[in-house]
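Numbered from 1 within each chain, the chains take letters A, B, ... in sequence-line order. Values in this document were obtained by computation on a predicted structure and should not be read as measured data.
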Amino acid sequence: MNKITVHCTVNHKPVAVEIDPNKRLLDMLREDLNLTSVKEGCSEGECGACTVIFNGEPVTSCCVLAGQAEGADIITLEGVSVDGKPDVVQQAFMDAGAVQCGFCTPGMILTAEALLAKNPAPTEEEVKQAMSGNLCRCTGYAKIVEAVLLAAERARGGV
Amino acid sequence: MKRRGTGVGCMFYGVGNTGLPNPAAAFVQVLPDTSVHVTVGAADIGQGSSTMAASVAAETLGLNYEDIHVVWADTMYAPEGGATSASRQTFITGNAVKNACQTAMGELKRTASEELNVPEEDLVFRKREIYSNKDASVRMTYPELMAAMGKKGRLAVGAGYYNPKTTYLSPVDMSGVPYELYSYATCILEVEVDTDTGEVSLLKAVSAHDVGTPIGIKLVEGQIEGGTAMGTGFVISEKIDVDPKTLAIKNPTLSKYIIETSMDVPVVYPIVVSSEGEAGPFGAKGVGEPALIPSIPATIAAINDAIGSSFTSTPIFPADIVKAWKEQQKTQG
């Protein structure tokens with residue numbers, strides 16, 4: 001199979017990756033760019049573990065062909081922390097106790113980042129709605145929702 | 001029509017393997033810089049057994065949580081931990097860590113006793129300090145103690161294990177001691193049932209759990225919240241569909257085996273009930289499975305309360321509810 005070259009921005013840096021045209025974005029990020037925070041869960045767009053921020057939207061990267069990322073701006077969890085330190089959402093997840101096994105956490109944080117970028121003051125219902133594409137089997141979501149609301153409040157300078 | 005109902009579920013749960021030996025072990029060393037290596041076989045799958053091991057070590061040794069480094073589940077280094085199952089790791093590995101720390105404290109106590117001129121039994125190790133319970137002004141810091149240990153060429157090391165006090169059960173009548181300790185819980189849950197569509201909305205759950213002495217309230221709450229989501233899901237949406245001929249699971253995907261999302265879970269009010277005198281470390285008990293168990297009968301009872309049905313098994317899907325409601329109306333009409 002002839003390889004294709006995908007040019008896109010990943011975690012604020014331009015990259016050009018030579019890949020098989022049938023490769024999924026998930027595999028390109030994990031295998032070619034070593035961004036292993038992107039998790040493979042269900043492989044059918046149901047669980048949200050492989051979520052990345054794709055041109056500002058949370059997208060399940062298992063359902064995107066890497067070639068579709070041509071020219072796109074992609075953020076993974078590795079691109080969220082600031083100078084190697086947790087950002088406001090990551091810190092809120094830690095403080096609220098929103099992490100148990102941690103497998104859903106990268107996707108959860110990226111979905112929260114995308115929500116807060118558009119809606120800095122979401123209601124609890126809006127948070128639940130936004131996070132509903134990301135499954136978590138451990139927490140029952142209570143502390144995840146609490147973390148997103150806490151992050152929003154802190155980002156607005158509340159706490 | 002939307003109808004509300006409330007249900008109650010109670011349970012008690014034996015912690016550990018039933019009527020079988022199921023030991024777990026731990027290795028501990030307090031290093032010269034007062035940091036601590038704890039090595040356990042317990043696999044932390046997110047429930048927090050490593051956090052628990054660090055908390056128990058810090059409390060036993062009189063150090064801070066931040067001083068403890070836990071290596072876990074690596075069979076190249078770690079001793080036997082047994083399975084992460086039966087809600088047993090807090091109870092059994094927790095006791096193993098405590099026992100290992102107590103062994104390591106033998107040399108720490110001997111050295112502190114010599115340095116402070118206080119009998120070993122009067123020494124208190126707490127928050128990085130060692131002092132006499134007769135006169136708290138007679139004291140030294142942990143770094144001072146470790147310096148003294150170094151000068152005397154002593155090391156603070158310990159291995160420990162714990163096996164719950166159970167007996168094999170009689171094959172004739174199952175008599176015996178299946179568990180050393182039990183956890184208790186009650187869940188009260190409210191649902192709203194749409195009698196036209198059969199849809200069940202989970203509104204609120206209050207779930208109270210006797211966990212002995214809670215080791216990390218936030219972790220215990222997280223377990224209760226997550227367990228309630230699993231238990232309620234077990235009633236309203238989760239079904240493993242097995243092909244009766246091939247015994248293959250027909251729905252091994254998350255698009256066909258439906259677990260709850262953030263939109264579906266009830267608002268959970270976890271109540272952590274402390275009790276004393278239990279056999280776990282500092283009186284702690286397991287909460288892993290107890291977290292989910294009472295929410296199952298509570299959800300079934302709430303649905304029955306809402307529509308006057310008499311469901312006794314899971315799952316209860318919308319079609320079952322519509323059918324039960326129609327039958328109920330017929331009987332009444």
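Ranked by heavy-atom pairs under 4.5 Å with chain A, the first of B/Leu254, B/Val268, B/Thr232, B/Val265 is B/Leu254. Of the listed residues (A/Gly45, A/Gly48, A/Cys101), the greatest number of heavy-atom pairs within a distance under 4.5 Å of chain B belongs to A/Cys101. Here B/Ser255 is the residue among B/Ser255, B/Gly233, B/Gly222 with the most heavy-atom pairs under 4.5 Å with chain A. Put simply, of B/Gly226, B/Gly46, B/Ser262, the one with the most heavy-atom pairs under 4.5 Å next to chain A is B/Ser262.
The contact between A/Ala96 and chain B is made entirely by backbone atoms, counting heavy-atom distances below 4.5 Å. At a 4.5 Å heavy-atom cutoff, the contact between A/Gln129 and chain B is made by backbone and side-chain atoms alike. Contact annotation for A/Glu46: only side-chain heavy atoms (C-beta onward) come within less than 4.5 Å of a heavy atom of chain B. Proximity to chain B (any heavy atom under 4.5 Å) is shown, for A/Ser132, by both the backbone and the side chain.
Remark: B/Tyr13 OH is packed, more than 12 non-hydrogen atoms of other residues, nucleotides or ligands lying under 6.0 Å away.
Here the closest non-hydrogen pair linking A/Gln68 and A/Cys63 is OE1-O, 4.5 Å. Between A/Val38 and A/Ser61, the shortest heavy-atom contact is CG1-OG, 3.6 Å.
In this model, a donor atom of one side chain and an acceptor atom of the other lie less than 3.5 Å apart for A/Ser37 and A/Glu78.
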Begin with the C-alpha distance, continue with both residues' side-chain angles, and end with the deciding distance and a verdict on side-chain contact (heavy atoms from CB on, under 4.5 Å) for B/Lys285 and B/Tyr184. CA-CA 10 Å; B/Lys285 302 195 283 198; B/Tyr184 304 89; 3.9 Å; yes
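Salt bridge B/Glu238/B/Lys256: absent, no basic N to carboxylate O contact under 4.0 Å.
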